[in-house]
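Along the sequence shown, residues carry numbers from 1.
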Amino acid sequence: MTTRTPRARSHRSKKKRITLALAPVAALAVAVPLMNSAGAATPSEVTADCAADSDRLENCEFVDVQFKANSLGPNQRVSPVTQNCGTTTAATNTFSVSTSVTRTIQLEDGFVVDGGTKLGNSFFEIGGKFNTSEINITRDDKTTGLAFSRSDTVQPDSIGFFMWSAKRTDVSGFLRATYKEAQDGQKVFFAPSEGGKTVHVFYPQILKNGTPDGRLWLRNVKCGTPEANGIQNSQNSIRTEPGFGEAGGNVTDVEIPLADISLSEIPAP
């Protein structure tokens, strides 16, 4: 009897220890689904609240992660199209060229950020880091333009026009939003994620004379080709065009150094 009693007590003691060890694990298993169903702000909600300067926000700021200077913007046709089809000789034409640039922000599709919001102010402040003596950038949403007239040659049986691609400093990063009231126990949320690089701010680069910096070129397109037909059928409206030297064998591009032309600032529209 004396030897059996200790064995029984030892057996019951082990059962108690096993039960106690399992209890915290079970509690954790219950906590996980509750946490996943909590109402934390999603990246899309953060973006929408920041863009709208929501009253729910204490602050919203852009956090830069990386940048690239001299990034070229969209390829734009910036003069009327001159026709010289059906001829065997070149023609000299005076082209009137005009374009403008402004700071642009790439959030999610459809979102627009006003310059007077917390986020708009953050973009302005971040831009100060990239405004140097070597590269002058447009930090706000003020429009800056260039306009000039220039005589150039349109090749035989071709159409001619000017193309432009602005130089920009591309700063990429993410949004950090601080809410007035905690959600799921926290007040700070990110879009798309902390350390992300999908929010882009394009700061146009400006020359010392105050006009936009960029690549300017004269484009000649052979008449009767698909490239020329597409431009003529669009009734000279603005449309997406290939970049410099990228339009194929029916197209000739000649770059025009900005130092060779007379530039003047034009007022914002």
Side-chain angles (χ1 to χ4, degrees), residues 68-104 135-138 140-170 202-269:
K68 179 183 179 183
N70 297 317
S71 172
L72 290 172
N75 305 303
Q76 303 173 321
R77 192 163 71 240
V78 292
S79 77
V81 176
T82 294
Q83 310 278 348
N84 195 30
C85 295
T87 67
T88 57
T89 59
T92 300
N93 184 69
T94 299
F95 292 88
S96 295
V97 179
S98 65
T99 188
S100 62
V101 296
T102 189
R103 183 192 66 189
T104 56
I135 296 181
N136 179 38
I137 64 170
T138 295
D140 55 24
D141 52 7
K142 175 185 176 183
T143 299
T144 304
L146 63 84
F148 65 92
S149 294
R150 176 185 171 92
S151 293
D152 270 289
T153 301
V154 182
Q155 296 176 354
D157 198 28
S158 299
I159 60 174
F161 50 91
F162 271 89
M163 292 287 299
W164 163 263
S165 181
K167 284 186 180 180
R168 313 176 297 181
T169 295
D170 176 5
F202 298 101
Y203 298 95
Q205 295 174 194
I206 306 299
L207 296 170
K208 293 185 183 299
N209 65 0
T211 57
D213 193 5
R215 168 175 273 175
L216 178 72
W217 68 98
L218 176 65
R219 171 163 286 177
N220 274 270
V221 184
K222 286 291 185 185
C223 297
T225 63
E227 295 84 356
N229 292 339
I231 295 168
Q232 292 167 318
N233 292 338
S234 69
Q235 297 181 339
N236 297 339
S237 63
I238 299 299
R239 61 181 208 140
T240 302
E241 300 282 356
F244 179 81
E246 299 174 349
N250 295 321
V251 178
T252 302
D253 290 333
V254 177
E255 186 164 7
I256 309 296
L258 294 182
D260 291 353
I261 61 178
S262 174
L263 301 177
S264 61
E265 188 170 355
I266 58 174

**OP:** Determine, for Arg150 against Asp152, whether the closest basic-nitrogen to carboxylate-oxygen distance falls under 4.0 angstrom.
**Re:** yes

Original post:
Is a side-chain donor or acceptor of Thr102 paired with a backbone partner of Asp141 at a separation under 3.5 angstrom?
Top reply: yes

Subject >> Asp170/Lys68 salt bridge by N-O under 4.0 Å criterion >> reply: no

Original post:
Where the side chain of Ser158 meets the backbone of Pro156, is there a donor-acceptor pair that is under 3.5 Å apart?
Top reply: yes

Original post:
With no hydrogens and no angle check, is any side-chain donor or acceptor of Asp157 less than 3.5 Å from a backbone partner on Gly86?
Top reply: yes

**OP:** Could you tell me whether the side chain of Phe244 reaches within less than 4.5 Å of the side chain of Arg215, counting heavy atoms only?
**Re:** yes

Original post:
Between Asn75 and Glu241, is any side-chain donor less than 3.5 angstrom from a side-chain acceptor?
Top reply: no

Original post:
Should Asn70 and Gln205 be marked as a side-chain hydrogen bond (donor to acceptor under 3.5 Å, both in side chains) after you check the CA-CA gap, both sets of side-chain angles, and the distance that decides it?
Top reply: CA-CA 8 Å; Asn70 297 317; Gln205 295 174 194; 2.8 Å; yes

Subject >> Asn250 side chain to Val221 backbone, donor-acceptor under 3.5 Å >> reply: no

Original post:
Does any non-hydrogen side-chain atom of Asn220 lie less than 4.5 Å from one of Val251?
Top reply: no

Subject >> side-chain hydrogen bond (donor to acceptor under 3.5 Å, both in side chains) between Gln76 and Ser165, worked out >> reply: CA-CA 6 Å; Gln76 303 173 321; Ser165 181; over 6 Å; no

Original post:
Taking it one step at a time, do Thr94 and Ser151 satisfy side-chain hydrogen bond (donor to acceptor under 3.5 Å, both in side chains)?
Top reply: CA-CA 4 Å; Thr94 299; Ser151 293; 3.1 Å; yes

Original post:
Can a cation-pi geometry be assigned to Arg219 and Phe161, taking NZ or CZ under 6.0 Å from the six-membered ring centre and within 45° of the ring axis?
Top reply: no

Subject >> Exam field: side chain Asn84 to backbone Thr89, donor-acceptor pair closer than 3.5 Å >> reply: yes

**OP:** Output yes when a side-chain donor or acceptor of Ser71 lies under 3.5 Å from a complementary backbone atom of Thr169, and no otherwise.
**Re:** no

